[in-house]
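Per chain, numbering begins at 1; letters A, B, ... match sequence-line order. From a predicted model like this one, the values you see are computed outputs, not experimental measurements. What you see below is based on every heavy atom in this structure, not just the backbone, and it leaves out hydrogens, waters and symmetry mates.
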Amino acid sequence: MFEQELAGIAGHIKAALAELGLPDPGEVKWQATPFAGQWGQGTNICFQAAAAEARSAGRKVNVPQRAQELAQQVVARLAPPPGFARLEADKAYLNAYFDTPSYAARVVEAVLTAGADFGRGPAKPEQVMVEYAQPNTHHSFHIGHARNALLGEVLARVLQFAGYPVIRASYPGDIGLGVITILWAYDKFYKGQEPAGVHERGQWLLKIYAEATALLEPQEGETAEAAARRAAFDAERRELYRRWDAGDPAVRELWRVTREWSLEELREILAELDIAIDVWFYESEVDEPSKAIVDDLIARGLAEDQRPAGPVVVKIDEKLGLTKDKYRTAVVLRSDGTSLYLTKDLALAKVKFEQYHVDRSIYVVDFRQSLHFQQAFKILELWGFPQAAKCHHLSYGYVTLPEGGMSARRGRVVLFKDVAEEAYRRVHAVIEEKNPELAPAVRDQVARQLGLGALVYSMLSVDNVKDIEFRYDDALSFDGKTAPYIQNAHVRAASILRKAGALPPPVNFDYDLHALEVELIDLLTRFPATVQAAANEYKPLHMANYVYELAKTFHSFYHEAPVLQAESPTVRAARLRLTAAVKQTLANALRLLAIQAPDVM
RNA sequence: GCGCCUGUAGCUCAGUUGGAUUAGAGCGUUUGCUUGCGGAGCAAAAGGCCAGGGGUUCGAAUCCCUUCAGGCGCACCA
């Protein structure tokens, strides 16, 4: 928030070093000072200057000692600029300490004036599409899908708040061998059946898939008879896929009806998570256009057509002249002419850039598909697609269970719906114990806010690259570094403000500020930069860590510094406004994390 | 075999892109704090050779090399 002032000081520092006859040490970078209760920014520029001097002198110099000397000389030459209390040389660092009373008021008023927009970045021209929520249809939505949907949604929110126009895209896998497998089993064993209820139908399809896979997978030590039966089943399945591909009306109808069962469930869950998708792409819709791309790749000599004996392939490494295996060889069309996942992603990229005019396209897909995306983007590049370099795969770790990876094939999954229900139950139990006077009407709402919040936070407070081993007790904990802890800080602030009545008019923080007040104000100034960092690095984790720090500091402040019973009207007014600013910032940060900020709990 | 990723406290994880008193949190363990703005809280203790070994640098958990351990991927699944 104080970039201009700091840039001004930086200029003076560089001028002072030049006057001392030192080589240009490069850019002055500021970082917060690590001392609690003091509010300042420091730079290590004197280290750089001393090191540069030592290099040019070509003789042995004690760099830390020389750096401290320089820092002291610079401090002696400079007067603190307006708004700053003092400049100090400390362990070779140059530290600038803010004049707390004037800046404290400035920060708090800036937050309260901007309100829900506090932290929003300047508008940027680059339009970004974020693709996430790509579960396969004909399956039920499990906890791994939830991580994907949340990561994508929060990335979209953060990018948007950082200043980018964002389009949210979903790409359900509504066709492919997996989907056909379910249609085959349904048609053969369960034709005409249909359980009642949105989630029941979804879970039922999952059960059918597990059964079908068991019938189609080679078994250990199977008899020749069993193997023959399996081969016959597989032939039936392939034939069904061929009929789908040819547009057989009966197959298409069965496919449409069962697909709608899944999409209904998906839409309901996305609504529960407060996710509103702008554009829906379906794999089935890019199926035909993708085949035209393959024809073009063949025509240009990029792809090799081995049909009917083999598939159509692109030998990527060979085309790039690489000798080691890196991108390898990719199959872009089956020998029977049906398309693959990779084929469709080529067509989808074209649609995104040409029909939706985006400037950057982010794919939120777990890391096991890294090679797939490297291949897809590289083929696009070879093909001469101009925006190939604007495609980014946001890879993240997957969600496992203590007993191993989740597997739809084995029916070993934890369904999102079950976790959410359990979360609500647990919050209700805590309310019963801690806040029994809470009106029944708001209990359900609070249970959803906290239960879902806990789940969401547990998924977003881990770095993208890390796998998450899912356990109920970890994901649905309400103590410590969790959403309810953060939400509780918001509730406490709300409670204080409610008791105070109207917010007093702005005052100067013209008193000896408590160390925790200084820390809170310091944290407030860091929010806008945190939003930008989270957007630039695709890391919701920055947001999750920030909001926890803010909540934690507020909890401490709450215990140590009385607000309503403050020692004077000025202190009381200042702390009330600070409390309001913290509450606003907590709410803004939680909103970016797709977590609700309740006023009571 | 080749490629990508990971290794920090008993467990789960941060570490602001190479900086600062003593590497930080949460859970768990031990101990204090409620006639007090809501205790889903606060304060404190114990717990570390940052996987091992080299190197670069004034300075390394962070960069480079290497060894070890684990995960994932590698031609017609998505």
Side-chain angles (χ1 to χ4, degrees), chain A residues 31-35 42 44 47-48 50-51 54 61-67 90-93 95 134 136 173 175-179 181 283 306 310-313 315 324-336 338 340-342 344 365-372 374-375 395 397-398 400 405 427 430-431 433-435 450 458 461-463 465-469 471 473-474 477-482 484-485 487-489 491-493 495-500 526 529-530 533 537 541-542 544-546 548-549 552 555-556 558-566 575 579 600-601:
Chain A
Q31 60 187 27
T33 55
F35 312 113
N44 61 13
F47 271 114
Q48 316 297 349
V61 185
N62 184 333
V63 170
Q65 195 187 329
R66 176 66 179 148
D90 184 10
K91 293 186 192 62
Y93 278 80
N95 295 333
Q134 321 91 329
N136 292 332
I175 189 57
L177 202 55
V179 170
T181 302
E283 275 195 58
Q306 305 170 345
V312 180
V313 301
K315 294 180 174 170
K324 272 191 182 174
D325 285 354
K326 169 94 177 153
Y327 299 99
R328 298 161 198 272
T329 294
V331 175
V332 292
L333 204 64
R334 289 193 186 90
S335 44
D336 66 3
T338 54
L340 292 125
Y341 185 50
L342 180 61
K344 292 168 227 177
V365 183
D366 87 54
F367 78 99
R368 286 174 292 190
Q369 290 174 41
S370 298
L371 178 60
H372 162 80
Q374 283 181 17
Q375 290 179 329
S395 156
Y398 62 114
T400 64
V427 180
V430 177
I431 291 173
E433 180 203 339
K434 310 227 181 220
N435 196 4
L450 300 211
S458 76
S461 56
V462 176
D463 199 12
V465 299
K466 291 253 165 70
D467 291 346
I468 294 177
E469 190 172 305
R471 286 188 205 83
D473 288 345
D474 291 349
S477 163
F478 304 148
D479 302 321
K481 194 177 179 185
T482 64
Y485 173 94
Q487 289 166 318
N488 189 32
V491 166
R492 284 178 148 174
S495 172
I496 290 175
L497 294 169
R498 203 164 39 236
K499 291 211 160 96
R526 275 138 85 159
T530 305
E537 297 168 36
L541 175 61
H542 285 314
N545 284 340
Y546 173 84
Y548 171 69
E549 274 309 309
K552 185 177 156 71
H555 276 304
S556 299
Y558 175 91
H559 278 270
E560 288 205 23
V563 177
L564 294 176
Q565 277 92 39
R575 286 186 179 159
T579 299
V600 292
M601 62 188 269

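Nearest-nucleotide positions on RNA chain B for A:E469 and A:Q565 put A:E469 closer to the 5' end. Each of A:K481 and A:K324 lies near RNA chain B, and the nucleotide nearest A:K324 is the one positioned closer to the 5' end.
Residue contacts for A:A561: at a heavy-atom cut-off of 4.0 Å it reaches a base atom on one of the strands shown. Residue A:V312 is out of contact with every strand shown, counting any heavy-atom pair closer than 4.0 Å. Residue-level contact check: A:Q375 touches neither bases nor backbone, having no heavy atom under 4.0 Å from any strand. Note on A:S495: a base of the nucleic acid sits closer than 4.0 angstrom, heavy atoms only. When heavy atoms are screened at a 4.0 angstrom cut-off, A:V179 is found touching no nucleic acid atom at all. Within 4.0 Å (heavy atoms only), A:N44 reaches at least one base atom of the nucleic acid. When heavy atoms are screened at a 4.0 angstrom cut-off, A:D473 is found touching no nucleic acid atom at all. Among the atoms of the strands shown, base atoms are found under 4.0 Å from some heavy atom of A:I431. Residue A:Y548 is classed as a sugar-phosphate contact, given heavy-atom separations below 4.0 Å to backbone atoms only. A:Q369 comes within contact range of at least one nucleobase, with a heavy-atom separation under 4.0 Å. Nucleic acid contact class of A:L333 (heavy atoms, under 4.0 Å, all strands): none. Counting any heavy atom pair closer than 4.0 Å across all strands shown, A:V462 reaches sugar-phosphate atoms only and no base atom. Residue-level contact check: A:D336 touches neither bases nor backbone, having no heavy atom under 4.0 Å from any strand. Among the heavy atoms of the strands lying under 4.0 Å from A:Q31 is at least one base atom, whether or not backbone atoms are also near.
We find that CG of A:L450 is positioned 12 Å from P of B:rA40, with the value rounded to whole Å. Distance, A:D366 CG to B:rU6 P: 15 Å, rounded to whole Å. Across the protein-nucleic acid pair, A:E560 atom CD and B:rA43 atom P stand 7 Å apart, rounded to whole Å. Between the CD1 atom of A:I468 and the C1' atom of B:rU6 there is a distance of 14 Å, rounded to whole Å. As rounded to whole Å, 4 Å separates atom C1' of B:rC37 from atom CD1 of A:I496. Distance CE (A:M601) to C1' (B:rG41): 10 Å, rounded to an integer number of Å. A:D479 has its CG atom 14 Å from the C1' atom of B:rC42, to the nearest Å. Whole-Å rounding puts the A:Y398 OH to B:rU6 P distance at 15 Å.
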Go through it in stages, so that I can follow the logic: the residues are A:N435 and A:M601, the test is side chain to side chain contact (heavy atoms under 4.5 Å, CB included), and I'd like the CA-CA distance, side-chain angles, deciding distance and then a yes or no.
CA-CA 8 Å; A:N435 196 4; A:M601 62 188 269; 5.9 Å; no
Is there a side chain to side chain contact (heavy atoms under 4.5 Å, CB included) between A:H555 and A:N488 once you walk through the steps? CA-CA 9 Å; A:H555 276 304; A:N488 189 32; 3.6 Å; yes
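Only the C1' atoms considered, B:rC11 is 15 Å distant from B:rG48, to the nearest whole Å. Using P as the reference atom, B:rG47 and B:rU66 are 37 Å apart when rounded to the nearest Å. Nucleotides B:rG38 and B:rA51 have their C1' atoms positioned 46 Å apart, rounded to a whole Å. Taking the P atoms as reference points, B:rA60 lies 14 Å from B:rA23, given to the whole Å. Annotation: B:rC4 and B:rC64 have their P atoms spaced 12 Å apart (nearest Å). Remark: the separation of the C1' atoms in B:rU21 and B:rC2 is 48 Å, to the nearest Å. For the P atoms, the distance from B:rA78 to B:rG70 is 32 Å, rounded to whole Å. Remark: the separation of the C1' atoms in B:rC49 and B:rA61 is 12 Å, to the nearest Å.
At B:rG38, one or more side-chain N or O atoms of A:K499 fall inside 4.0 Å of OP1 or OP2 (strictly under the cut-off). Contact annotation: A:K466 reaches the phosphate of B:rA14 (side-chain N/O to OP1 or OP2, under 4.0 Å). For A:Y327 and B:rC4, the shortest distance from a side-chain N or O to OP1 or OP2 is not below 4.0 Å. Taking 4.0 angstrom as the limit, A:R334 places a side-chain polar atom (N or O) nearer than this to OP1 or OP2 of B:rC77. Between A:S370 and the phosphate of B:rC72, there is no side-chain N or O to OP1/OP2 separation shorter than 4.0 Å. At least one side-chain nitrogen or oxygen of A:R492 sits closer than 4.0 Å to the OP1 or OP2 atom of B:rG39.
Under a 4.0 Å N-O distance rule, the pair A:R328/A:D325 qualifies as a salt bridge. Using a cutoff of 4.0 Å between basic side-chain nitrogens and carboxylate oxygens, A:D366 and A:R368 are scored as salt-bridged.
A:S335 contributes a side-chain N or O that forms a donor-acceptor pair with the base of B:rC76 under 3.5 Å. Between the side chain of A:R328 and the base of B:rC2, a donor-acceptor pair under 3.5 Å is found.
The listed nucleotides are B:rA78, B:rG38, B:rA25; the one nearest the side chain of A:K552 is B:rA25. For A:V465, the listed nucleotide lying nearest its side chain is B:rU6; candidates were B:rU6, B:rC58, B:rC72.
Using Watson-Crick or G-U wobble geometry with both donor-acceptor distances under 3.5 Å, B:rC58 finds its partner in B:rG19. Pair check for B:rG3 finds B:rC72; Watson-Crick or G-U wobble, both atom distances under 3.5 Å. Base pairing of B:rG41: its partner is B:rC33, meeting the Watson-Crick or G-U wobble criterion (both donor-acceptor distances under 3.5 Å).
Considering NZ of A:K499 and CG of A:L497, their distance stands at 11.5 Å, rounded to 0.5 Å. Between atom CD of residue A:E283 and atom CG of residue A:N136 there is a gap of 7.0 Å, rounded to the nearest 0.5 Å.
Without hydrogens or angle criteria, A:T338 side chain to A:R334 main chain gives no donor-acceptor distance under 3.5 Å.
Side-chain contact between A:R575 and A:P562: present, with at least one pair of heavy atoms (C-beta onward) separated by less than 4.5 Å.
Its glycosidic angle being within 90° of 0, B:rU17 falls on the syn side. Annotated as anti: B:rU29, whose O4'-C1'-N torsion sits more than 90° from 0.
Residues passing the ring-ring contact (aromatic ring centres under 6.0 Å, His included) test with A:F367, sequence neighbours excluded: A:Y398.
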